[in-house]
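Report on one structure; see the data block that follows.
Along the sequence shown, residues are numbered consecutively beginning with 1.
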Amino acid sequence: MAAAGLAQMPADNKIANLPYAQAAIDATGYNGTMLIYDLNDDQYYASDKDSVLLQHIPASTFKIMSSLVVLETGLVANADTVLPWDGVTRGRTETNTDLTLRDAFRLSSVAHYQALVRAVGEQAMQHALSEAAYGNENINGGIDQFWLTGALRISPMQQIDVLRRLYRGDLPFSDATQDTVKDIMVNDATDDYVLRAKTGLAILDGDENTGWWVGWVERDNNVIMFATVLTATAPDSGFIPARLSVTRDVLREFGALP
């Protein structure tokens, strides 16, 4: 498991155990943690509250932060700005083309975002992460690799903290920038709820896999935030879909999704 470091823990009475979340994770056969935050009640719920401070590589959940940075710096004007394809043919054929920021986020195109982060540069990116207090703020490991195979780490609790501040518009970015990122995060939008989220998947040395799904559900005049992380060494084909399916199952049980 790629995990190290700690973040601030809220008071014990702010984190309630959620046994059915742990049971759902156990049923996948992988290790993992799910943290839920009920905004109206200001209450956390955890599958295992002892593991919500363990930090993991963020993988493509970092696209939430990198989108904020490229919009704020003006490298990208808006969600529909076209990002050019570099001409390198890769295995995911749907990304071998020019993409808007919205589509690059939706498709989680690594190459398009690597080009954006290289354009931001180390100094500006380090400044942005430090100002936003994002994870361990460590961008060692290469300017286009630090969130994929490098030193950047973030815990489920820190993921929720970023989401809370983004939802409230309290991150150190303009309202327009934060509103644009919230817009491109929409996964589902129905008459009953809106789900905004981002996946992440990293494979580190020793075939250590880390899979994330983080975001929030807006429903019934409330917001339920979630951060799910699964880890496994040389997992089977069920690993990638499991982070989404287990999260949706728990959110339904919790009442956040229909």
Side-chain angles (χ1 to χ4, degrees), residues 1-10 12 14-38 43-65 108 134-136 147-164 185 187 195-217 224-257:
M1 179 186 297
L6 297 177
Q8 185 175 359
M9 175 74 88
D12 284 346
K14 287 290 188 180
I15 303 181
N17 285 320
L18 205 62
Y20 60 78
Q22 187 61 58
I25 291 172
D26 290 344
T28 68
Y30 311 118
N31 297 317
T33 301
M34 183 173 183
L35 182 64
I36 289 175
Y37 177 70
D38 184 314
Q43 176 69 57
Y44 291 91
Y45 300 85
S47 61
D48 173 16
K49 64 182 181 181
D50 292 333
S51 62
V52 298
L53 301 185
L54 291 176
Q55 293 181 320
H56 307 261
I57 195 155
S60 283
T61 65
F62 184 68
K63 287 186 174 70
I64 296 172
M65 179 58 62
S108 203
Y134 184 91
N136 66 359
W147 71 97
L148 298 168
T149 60
L152 188 62
R153 298 292 186 271
I154 192 168
S155 69
M157 185 63 71
Q158 289 172 319
Q159 292 272 24
I160 295 288
D161 175 63
V162 171
L163 295 172
R164 287 177 64 183
M185 285 176 63
N187 283 206
L195 169 63
R196 306 178 195 268
K198 185 69 192 75
T199 55
L201 178 67
I203 303 174
L204 302 178
D205 291 343
D207 204 17
E208 293 179 340
N209 286 242
T210 301
W212 285 98
W213 201 31
V214 306
W216 71 75
V217 181
I224 304 298
M225 298 183 172
F226 60 89
T228 300
V229 59
L230 300 180
T231 62
T233 299
D236 59 24
S237 61
F239 182 76
I240 291 176
R243 57 198 164 148
L244 279 70
S245 60
V246 72
T247 303
R248 285 186 180 273
D249 287 347
V250 172
L251 290 174
R252 290 187 191 101
E253 183 75 15
F254 193 81
L257 288 176

Query raised in the report: If you count the non-hydrogen atoms of other residues, nucleotides and ligands that lie under 6.0 Å from CG in D207, is the total more than 12?
Result: yes
Rounded to the nearest 0.5 Å, what's the gap from [atom1] on [X] to [atom2] on [Y]? Could you check?
X    : Y    : atom1 : atom2 : answer
L230 : L201 : CG    : CG    : 10.5 Å
I224 : L251 : CD1   : CG    : 8.5 Å
M225 : R164 : CE    : CZ    : 7.5 Å
D48  : D26  : CG    : CG    : 9.5 Å
R153 : Q55  : CZ    : CD    : 9.0 Å
T210 : I57  : OG1   : CD1   : 7.5 Å

Measuring only between side-chain heavy atoms, which start at C-beta, is [X] closer than 4.5 Å to [Y]?
X    : Y    : answer
V52  : Y44  : no
Q159 : W212 : yes
M65  : I154 : no
L152 : N136 : yes
T33  : S47  : yes

Query raised in the report: Mind checking whether F62 and Y134 have parallel, tilted or perpendicular rings, split at 30° and 60°?
Result: perpendicular
Donor-acceptor under 3.5 Å ([X] side chain, [Y] main chain):
X    : Y    : answer
T61  : G200 : no
S60  : K63  : no
E208 : T233 : no
N187 : L195 : no
N17  : P19  : no

Requested in this report: Carefully, step by step, assess L163 and I64 under the rule side-chain contact (heavy atoms from CB on, under 4.5 Å).
Outcome: CA-CA 9 Å; L163 295 172; I64 296 172; 4.3 Å; yes
Could you pull out the closest heavy-atom pair between [X] and [Y], with the gap in Å?
X    : Y    : answer
S108 : K198 : OG-NZ, 2.9 Å
K49  : I15  : CB-CG2, 3.4 Å
A234 : N209 : N-ND2, 4.1 Å
R243 : T247 : O-OG1, 2.6 Å
A24  : V250 : CB-CG2, 3.8 Å
I25  : M34  : CD1-N, 3.7 Å

**Report entry** ring-ring contact (aromatic ring centres under 6.0 Å, His included) contacts touching residues 231-256 (sequence neighbours left out)
**Finding:** Y30-F239, Y45-F254
Query raised in the report: Salt bridge between R252 and D249, side-chain N to carboxylate O under 4.0 Å?
Result: yes
